[in-house]
Chemist: 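Pasting in a structure now, in structure tokens, and then I'll have a few things to ask.
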Amino acid sequence: MNKIKAPVEPFRIKTVERIKPIDRRERENVLKQAGYNVFNIPAEKVFIDLLTDSGTSAMSDNQWSGLLIGDESYAGARNYFHLEAAVKEIFCFKHVIPTHQGRAAERILFEALVKKGDFVPNNIHFDTTRANVEVRGARAVDLVIDDAYDPDSIHPFKGNMDVDKLKKFIEKKGVKKIPLVMMTITNNSGGGQPVSIKNIKEVSQVCKQHKIPLFFDACRFAENAYFVKKREKGYEKKSILEIAQEMFSYGQGATMSAKKDALVNIGGFVTVDDDLLAEKLKNLLILSEGFPTYGGLAGRDLEAIARGLEEVLEEDYLEYRVNQVAYLGQLLDEAGVPVFKPVGGHAVYLLADRFLPHIPRHQYPGWALTVALYREAGIRAVEIGGVMFARKDEKTGQEIFPRLELVRLAIPRRVYTSAHLDYVAEAIIDLYRNREKVRGLRIVRESRYLRHFTVRMEEV
Ligand SMILES: *Cc1c(COP(=O)(O)O)cnc(C)c1O
């Protein structure tokens with residue numbers, strides 16, 4: 001890998017938002033009050049917030065000025081037509097249906113297509129996708145290549161689906177039980193790793209052969225297209241738009257959370273080719289989201305999404321974006337800090353069990369690392385490990401831990417400068433040198449579902 005220099009931001013800053021470091025004593029108090037759960041910390045008490053890249057983007061002057069031409073008519077607002085044109089240019093499907101977030105797009109799509117007893121394969125389902133499949137009484141199945149789970153494999157397209165696994169799965173379960181196949185680009189739950197066009201093509205051939213529609217979970221399609229341009233033979237000279245158009249040409253539709261690669265703070269859409277399916281989706285949309293030309297958003301939101309979709313295709317932006325994340329990963333890696341490799345598109349993942357080998361899994365090393373990061377540097381990150389994903393054995397009540405114990409440092413788009421990332425890297429390297437001081441945790445109170453959001457802890 002070539003050495004990456006601190007990327008120069010391809011924008012200048014016109015509006016600033018104050019962030020304040022608070023002193024260590026106060027951080028200690030905040031932690032105590034939050035039950036050692038960073039989800040319970042008020043955002044104003046955080047210095048650098050790397051909890052998520054979702055809905056945290058900074059909008060451009062062009063997007064903000066678009067808000068002023070929001071047409072708030074109930075039906076047929078002009079901004080809908082701008083959005084429709086922007087989505088069609090990239091995705092090339094016939095129907096564009098806005099929704100308030102990605103998960104709303106998923107919900108109506110699965111309500112229209114998926115029934116009890118069905119299976120939906122994906123490389124790795126994102127949490128909301130999995131939940132929206134399973135609430136239908138169907139099973140969400142992950143068929144990513146094995147490399148995806150190996151933090152040391154430097155496969156360039158670790159988000160790829162395992163085509164053999166897919167073929168065997170279809171043979172085993174039968175076409176009738178598989179209403180669609182999904183592919184998540186980039187593969188968020190697998191570390192923001194890209195999927196190659198070659199893999200998309202192969203998966204689409206298998207789907208076509210069995211007449212199963214292929215849909216994309218397209219939240220980070222532009223980051224995926226940029227990786228294709230950099231890593232896949234034959235795409236070096238293609239534009240991001242051309243690559244995106246080719247990716248989507250192999251499928252029949254897509255769901256999208258605009259909170260990622262549309263560079264806005266709220267919104268989403270579903271886009272499909274099939275007329276009958278589009279009719280169904282619009283009927284479901286009207287029930288719970290809104291009229292088909294606004295889908296639960298204001299006209300001004302639609303305009304901001306339309307403009308964001310154009311900006312995200314700009315190559316200097318994507319180069320800066322992907323390099324910024326890689327730059328942080330490189331600083332940490334060079335200092336010996338264990339990170340998941342290669343670094344994905346939107347986040348750096350720390351390998352918490354290697355970072356804190358003295359803390360056993362049942363004392364939650366990933367969680368302990370998020371507590372330490374806040375305590376030492378006011379940085380907020382998220383555990384993706386034992387607290388979030390352990391299952392309990394039904395008989396013994398013993399926790400069964402997930403394979404990986406990770407801490408995700410998600411980088412919001414256009415929000416932090418390279419200097420902020422230098423600060424983050426220094427703090428983590430410092431913490432790594434003093435890692436034996438970090439203590440494990442025990443759970444004081446937890447809820448049955450999605451316990452990470454509300455769990456309260458104490459240090460052991
Ligand atoms: C964020 C995300 C979603 C859900 O979108 P929301 O806008 O948060 O509802 C679905 N899939 C992937 C891959 C995501 O990253």
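All residue numbers in this chain count up from 1 along the given sequence.
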Chemist: Say whether, by atom type as modelled, one donor and one acceptor occur between the side chain of Arg231 and the main chain of Pro156 under 3.5 angstrom.
Modeler: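 Present.
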Chemist: After noting the C-alpha distance and the side-chain angles of Val228 and Phe157, does the key distance pass the side-chain contact (heavy atoms from CB on, under 4.5 Å) rule?
Modeler: CA-CA 9 Å; Val228 165; Phe157 291 102; 4.2 Å; yes
Chemist: Quick one: CG on Leu313 to OH on Tyr317, what's the gap to the nearest 0.5 Å?
Modeler: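 Between atom CG of Leu313 and atom OH of Tyr317 there are 10.5 Å.
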Chemist: Side chains of Thr129 and Glu106: do they bring a donor and an acceptor to under 3.5 Å?
Modeler: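 Thr129 vs Glu106: donor-acceptor pair found between side chains.
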Chemist: Looking at every heavy atom in both Ala410 and Ala347, which two are closest together, and how far apart are they?
Modeler: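 Looking at all heavy atoms of both residues, the closest pair is CA-CB, 3.7 Å.
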Chemist: Does Lys341 offer a backbone N or O that forms a donor-acceptor pair with the side chain of Lys158 under 3.5 Å?
Modeler: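 A pair under 3.5 Å: yes.
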Chemist: Side chains of Glu383 and His452: is there a donor and an acceptor less than 3.5 Å apart?
Modeler: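 Glu383 vs His452: no donor-acceptor pair found between side chains.
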Chemist: Regarding Glu405 and Arg361, does a basic nitrogen lie under 4.0 Å from an acidic carboxylate oxygen?
Modeler: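 So Glu405 pairs with Arg361 through a salt bridge.
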Chemist: Drop me the distance from Glu459's CD to Tyr36's OH, to the nearest 0.5 angstrom.
Modeler: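 The CD atom of Glu459 sits 5.0 Å away from the OH atom of Tyr36.
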Chemist: Side-chain contact test, heavy atoms from C-beta onward, threshold under 4.5 Å: evaluate it for Leu441 versus Gln363 and give yes or no.
Modeler: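 They are not in contact (no side-chain heavy atoms under 4.5 Å apart), so the answer is no.
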Chemist: Tell me yes or no: between the side chains of His346 and Glu223, is some donor less than 3.5 Å from an acceptor?
Modeler: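 No.
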Chemist: Classify the ring geometry of Phe291 against Tyr74: parallel below 30°, tilted from 30° to 60°, perpendicular beyond 60°.
Modeler: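 Phe291 vs Tyr74 ring planes: tilted.
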Chemist: Looking only at non-hydrogen atoms, find the nearest pair between Ala112 and Leu284 and report the distance.
Modeler: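 That closest heavy-atom pairing would be N-CD1, 3.9 Å.
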Chemist: Determine, for Asp71 against Arg300, whether the closest basic-nitrogen to carboxylate-oxygen distance falls under 4.0 angstrom.
Modeler: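 Looking at Arg300 together with Asp71, the answer is no, because their closest N to O distance does not fall below 4.0 Å.
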Chemist: Donor-acceptor pair, Glu242 side chain versus Ser239 backbone, under 3.5 Å?
Modeler: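 Between the backbone of Ser239 and the side chain of Glu242 there is a qualifying donor-acceptor contact (under 3.5 Å).
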Chemist: Judged by atom type as modelled, is there a donor-acceptor pair below 3.5 Å linking the side chain of Arg380 to the main-chain atoms of Val38?
Modeler: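 The answer is yes, because a donor-acceptor pair under 3.5 Å joins these two groups.
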Chemist: Could you tell me which residues satisfy salt bridge (charged side-chain N to carboxylate O under 4.0 Å, His left out) with Asp393, sequence neighbours excluded, listed by chain and number?
Modeler: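 Per chain and number, Asp393 pairs via salt bridge (charged side-chain N to carboxylate O under 4.0 Å, His left out) with no residue.
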Chemist: Would you say that more than 12 heavy atoms from the other residues, nucleotides or ligands in this model lie under 6.0 Å from the NZ of Lys168, or not?
Modeler: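 Counting neighbours around NZ of Lys168, 12 or fewer heavy atoms of other residues, nucleotides or ligands fall under 6.0 Å, so no.
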Chemist: Got a sec, which pairs hit salt bridge (charged side-chain N to carboxylate O under 4.0 Å, His left out) with one end in residues 249-271, sequence neighbours left out?
Modeler: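 Listed by first then second residue: Asp261-Arg413.
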Chemist: Donor-acceptor pair, Tyr416 side chain versus Asp49 backbone, under 3.5 Å?
Modeler: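 Yes; judged by distance alone, with no hydrogens or angles, the pair exists.
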Chemist: Can you tell if the side chain of Tyr294 reaches within under 4.5 Å of the side chain of Glu289, non-hydrogen atoms only?
Modeler: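 Side chain of Tyr294 against side chain of Glu289, heavy atoms only: no contact under 4.5 Å found.
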Chemist: For the pair Asp118 and Lys173, find out whether any cationic side-chain nitrogen is under 4.0 Å from an anionic carboxylate oxygen.
Modeler: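 Looking at Lys173 together with Asp118, the answer is no, because their closest N to O distance does not fall below 4.0 Å.
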Chemist: Between the side chains of Thr186 and Asn224, does any donor sit under 3.5 Å from an acceptor?
Modeler: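 No, Asn224 and Thr186 have no side-chain donor paired with an acceptor closer than 3.5 Å.
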Chemist: Please output the side-chain donor-acceptor pairs of residues 201-216 that fall under 3.5 Å, not counting sequence neighbours, one pair per line with the distance.
Modeler:
unit_1	atom_1	unit_2	atom_2	d
Glu202	OE2	Lys198	NZ	3.4
Ser204	OG	Lys201	O	3.2
His210	ND1	Val206	O	3.0

Chemist: Once ring pair (Phe, Tyr, Trp, His ring centres under 6.0 Å) is applied, do any residues pair with Phe169, and if so which ones, sequence neighbours excluded?
Modeler: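 Ring pair (Phe, Tyr, Trp, His ring centres under 6.0 Å) list for Phe169, sorted by chain: Phe119.
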Chemist: Glu311: which residues meet the side-chain hydrogen bond (donor to acceptor under 3.5 Å, both in side chains) condition with it, sequence neighbours left out?
Modeler: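 In terms of side-chain hydrogen bond (donor to acceptor under 3.5 Å, both in side chains), with neighbours along the sequence ignored, Glu311 is linked to Ser60, Asn62, Arg414.
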Chemist: State, yes or no, whether a side-chain contact exists between Leu351 and Leu406 at a heavy-atom distance under 4.5 Å.
Modeler: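 They are in contact (side-chain heavy atoms under 4.5 Å apart), so the answer is yes.
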Chemist: Is the closest basic N to carboxylate O distance between Arg403 and Asp150 below 4.0 Å?
Modeler: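 No salt bridge links Arg403 with Asp150.
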Chemist: Of all heavy-atom pairs between Ser189 and His125, which one has the smallest distance, and what is that distance?
Modeler: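 Scanning both residues, the minimum pair turns out to be OG-O, 3.5 Å.
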Chemist: For Glu394, does the CD atom sit with more than 12 other heavy atoms under 6.0 Å from it, leaving out its own atoms?
Modeler: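 Incorrect, the count does not exceed 12.
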Chemist: I want to check something: taking the side chain as every heavy atom from C-beta on, are Leu67 and Met59 in contact at a cut-off of under 4.5 Å?
Modeler: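 Contact flag for Leu67/Met59 side chains = yes.
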Chemist: Okay, side chain of Asn79, backbone of Ile69: is any donor-acceptor separation there less than 3.5 Å?
Modeler: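 It does hold such a pair.
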Chemist: Between Glu399 and Arg451 (salt bridge meaning N to carboxylate O under 4.0 Å), is one present in this structure?
Modeler: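 Result for this pair is yes, salt bridge flagged.
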Chemist: Would you say that Leu409 contacts Ile428 through its side chain, given a criterion of any heavy-atom pair below 4.5 Å between the two side chains?
Modeler: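 Sidechains of Ile428 and Leu409: in contact.
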Chemist: With heavy-atom distances below 4.5 Å as the criterion, would you say the side chains of Asn199 and Val163 are in contact?
Modeler: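 Contact flag for Asn199/Val163 side chains = yes.
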Chemist: Is Gln398 atom CD crowded by more than 12 heavy atoms from other residues, nucleotides or ligands, each under 6.0 Å away?
Modeler: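 At most 12 heavy atoms, drawn from other residues, nucleotides or ligands, come within 6.0 Å of this atom.
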Chemist: Between Val387 and Val455, is the side-chain contact (heavy atoms from CB on, under 4.5 Å) condition met? List the steps.
Modeler: CA-CA 9 Å; Val387 178; Val455 68; 4.2 Å; yes
Chemist: Which pair of non-hydrogen atoms, one from Met182 and one from Val120, has the smallest distance, and what is that distance?
Modeler: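 Nearest heavy atoms, Met182 then Val120: CG-CG1, 4.4 Å.
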Chemist: Is it true that, when you exclude Glu72 itself, more than 12 heavy atoms of the residues, nucleotides or ligands shown sit nearer than 6.0 Å to its CD?
Modeler: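 More than 12 heavy atoms, drawn from other residues, nucleotides or ligands, come within 6.0 Å of this atom.
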Chemist: Quick one: does any side-chain atom of Glu236 pair with a main-chain N or O of Gly234 as donor and acceptor, under 3.5 Å?
Modeler: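 Answer holds: yes.
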Chemist: With rounding to the nearest 0.5 angstrom, report the CG to OG1 distance, Leu51 to Thr370.
Modeler: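 Output value for this atom pair is 9.5 Å.
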Chemist: Can you list the steps and then say if Asp53 with Arg321 is a side-chain contact (heavy atoms from CB on, under 4.5 Å)?
Modeler: CA-CA 12 Å; Asp53 67 319; Arg321 163 74 180 154; 4.1 Å; yes
Chemist: Taking all heavy atoms of Asp147 and all of Ser153, pick out the closest pair and write down the distance.
Modeler: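 Scanning both residues, the minimum pair turns out to be OD2-OG, 2.6 Å.
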Chemist: Check Glu111 with Arg107, please: is the shortest side-chain N to carboxylate O separation under 4.0 Å?
Modeler: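 Yes, this pair counts.
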Chemist: So Val407 and Tyr349, do their side chains get closer than 4.5 Å, heavy atoms only?
Modeler: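 Side chain of Tyr349 against side chain of Val407, heavy atoms only: no contact under 4.5 Å found.
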Chemist: Using side-chain contact (heavy atoms from CB on, under 4.5 Å), reason through Asp162 and Lys167 one step at a time and then give a plain yes or no.
Modeler: CA-CA 9 Å; Asp162 188 320; Lys167 282 185 192 155; over 6 Å; no
Chemist: So, do Tyr364 and Phe401 sit near enough that their side-chain heavy atoms are less than 4.5 Å apart?
Modeler: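 A side-chain contact exists here, since the closest heavy-atom pair is under 4.5 Å.
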Chemist: Work out which heavy atom in Leu318 is nearest to a heavy atom in Ala222; give both atom names and the distance.
Modeler: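 Closest approach of Leu318 to Ala222, heavy atoms only: CD1-O, 3.6 Å.
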Chemist: Could you tell me the separation between the OG atom of Ser249 and the CZ atom of Phe91, rounded to the nearest 0.5 Å?
Modeler: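 Nearest 0.5 Å value for the OG-CZ distance: 13.0 Å.
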Chemist: Give, for atom NE2 of His100 and atom OG of Ser257, the distance between the pair rounded to the nearest 0.5 Å.
Modeler: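 Between atom NE2 of His100 and atom OG of Ser257 there are 9.5 Å.
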Chemist: Please table the atom pairs, donor to acceptor, closer than 3.5 Å between any side-chain atom in residues 265-283 and protein atoms at least two apart or in another chain.
Modeler:
unit_1	atom_1	unit_2	atom_2	d
Asn265	ND2	Gly55	O	3.0
Asn265	ND2	Ser57	O	3.1
Thr271	OG1	His95	O	2.9
Asp273	OD1	Lys94	N	3.0
Asp274	OD1	Leu276	N	2.9
Asp274	OD1	Leu277	N	2.8
Asp275	OD1	Lys94	NZ	2.8
Asp275	OD1	His95	NE2	2.8
Asp275	OD2	Lys94	NZ	3.1
Asn283	ND2	Glu279	O	3.4

Chemist: Starting at NZ of Lys237, measure out to NZ of Lys229 and round the result to the nearest 0.5 Å.
Modeler: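 These two atoms lie 9.0 Å from each other.
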